[in-house]
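For reference, the structure is listed below as structure tokens.
Numbers for residues simply follow the sequence, beginning at 1.
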Amino acid sequence: MQENSIAYRYALAFYVIFAAYFWYVFHGLGVFIATHFTPQTASGFSVVNPRFNTWNNGLATVLTIVVVVGLLAWQKLKEYVVDSGGELTRVSWAELKETQRATLVVCALVIVSSIFLFCADFMFLKLVNLVLNTAA
């Protein structure tokens, strides 16, 4: 029973992340439409309207609720999300110290490879300039 409740928590987290994403998309879409496709007067759905943010946030919230309710009503998706959450309970997660060491190794390799690529690029640039200057 404990595993099933954790799976539902993962499913809830998935839906919350989906809702936040859709709200962000709908909000940005409202701003884009109001900026580029509506007349810029103080009345109506335009960015110069003092109540535009309230209207746009409300519209984005309503559209997000409609999408999330539609996703919740989609039975196959709900089963998939809960099953995926159940699989996440069986994953063996790395310990904190191991994750920190791996992160430090990745950061060090990124820094070393960045320095190497910078030096290689600098040398090739000097070489190409030398060849072009002597050829001219």
Side-chain angles (χ1 to χ4, degrees):
M1 183 63 187
Q2 176 70 12
E3 182 179 311
N4 200 17
S5 67
I6 293 174
Y8 280 108
R9 286 186 196 155
Y10 281 121
L12 177 65
F14 170 78
Y15 282 114
V16 167
I17 290 169
F18 239 63
Y21 172 74
F22 275 112
W23 188 89
Y24 177 75
V25 167
F26 289 139
H27 181 269
L29 187 63
V31 171
F32 179 78
I33 289 171
T35 303
H36 297 305
F37 295 109
T38 60
Q40 297 301 310
T41 60
S43 64
F45 194 73
S46 68
V47 290
V48 295
N49 187 345
R51 296 188 342 188
F52 169 73
N53 283 331
T54 305
W55 281 101
N56 192 33
N57 291 343
L59 183 62
T61 303
V62 168
L63 290 173
T64 300
I65 289 171
V66 167
V67 168
V68 170
V69 167
L71 289 175
L72 285 170
W74 192 5
Q75 191 62 33
K76 284 191 175 191
L77 179 65
K78 194 181 336 181
E79 290 172 8
Y80 173 76
V81 169
V82 170
D83 289 344
S84 297
E87 289 295 322
L88 285 174
T89 61
R90 292 188 278 282
V91 172
S92 62
W93 299 100
E95 295 292 323
L96 179 63
K97 292 284 185 189
E98 184 181 347
T99 305
Q100 289 173 339
R101 279 195 302 266
T103 303
L104 286 175
V105 168
V106 168
C107 289
L109 286 174
V110 165
I111 290 170
V112 168
S113 62
S114 298
I115 291 170
F116 172 76
L117 289 174
F118 173 77
C119 292
D121 183 53
F122 184 75
M123 296 301 266
F124 283 126
L125 180 67
K126 290 294 183 185
L127 182 67
V128 167
N129 281 339
L130 179 69
V131 168
L132 290 177
N133 287 338
T134 57

Paired with Val31, the side chain to side chain contact (heavy atoms under 4.5 Å, CB included) test is passed by just one of Leu29, Ile33, Thr35, namely Thr35
Those residues at least two apart in sequence (or on a different chain) that pass side chain to side chain donor-acceptor pair (under 3.5 Å) with Asp83 are none
Trp23 and Thr64 have their tightest heavy-atom pair at CA-OG1, 3.1 Å
For this session: Please check if atom CD in Glu95 has more than 12 non-hydrogen atoms from other residues, nucleotides or ligands closer than 6.0 Å.
Result: no
Open item on the list: I want to check something: taking the side chain as every heavy atom from C-beta on, are Asn49 and Ser46 in contact at a cut-off of under 4.5 Å?
Closed with: yes
- request: Give the intermediate values and the outcome of side-chain contact (heavy atoms from CB on, under 4.5 Å) for residues Tyr10 and Leu12.
  value: CA-CA 5 Å; Tyr10 281 121; Leu12 177 65; over 6 Å; no
Smallest heavy-atom separation, Thr38 atom then Ala34 atom, equals OG1-O, 2.7 Å
Rounding to 0.5 Å, atoms OG1 (Thr103) and CD (Glu98) come to a distance of 10.5 Å
Under 3.5 Å, is there a donor-acceptor pair between the side chain of Asn133 and the main chain of Asn129?
yes
Taken to the nearest 0.5 Å, the spacing of Arg51 CZ from Thr54 OG1 works out to 7.5 Å
Please test Lys78 against Trp74 for side-chain contact (heavy atoms from CB on, under 4.5 Å), starting from the C-alpha separation and ending with a verdict.
CA-CA 6 Å; Lys78 194 181 336 181; Trp74 192 5; over 6 Å; no
- [ ] May I have the step-by-step check of side-chain contact (heavy atoms from CB on, under 4.5 Å) for Phe26 and Asn56, ending in yes or no?
- [x] CA-CA 9 Å; Phe26 289 139; Asn56 192 33; over 6 Å; no
| said: Parallel, tilted or perpendicular, judged at 30° and 60°: which one describes the rings of Tyr21 and Phe18? | reply: tilted
**Message:** Donor-acceptor check, side chain of Asp121 to backbone of Leu117, threshold 3.5 angstrom: yes or no?
**Reply:** no
* To do: Taking only Lys NZ, Arg NE, NH1 and NH2, and the carboxylate oxygens of Asp or Glu, determine whether Lys76 and Glu79 approach each other closer than 4.0 Å.
  => no
Do Phe14 and Leu72 land in one hydrophobic cluster if side-chain heavy atoms of ILVMFWY residues count as linked below 4.5 Å? yes
Worksheet item: Arg90 and Glu87: salt bridge (Lys or Arg N to Asp or Glu O under 4.0 Å), yes or no, with the steps?
Response: CA-CA 5 Å; Arg90 292 188 278 282; Glu87 289 295 322; 2.7 Å; yes
Q. Side-chain heavy atoms under 4.5 angstrom apart, residues restricted to Ile, Leu, Val, Met, Phe, Trp, Tyr: same cluster for Phe22 and Val16?
A. no
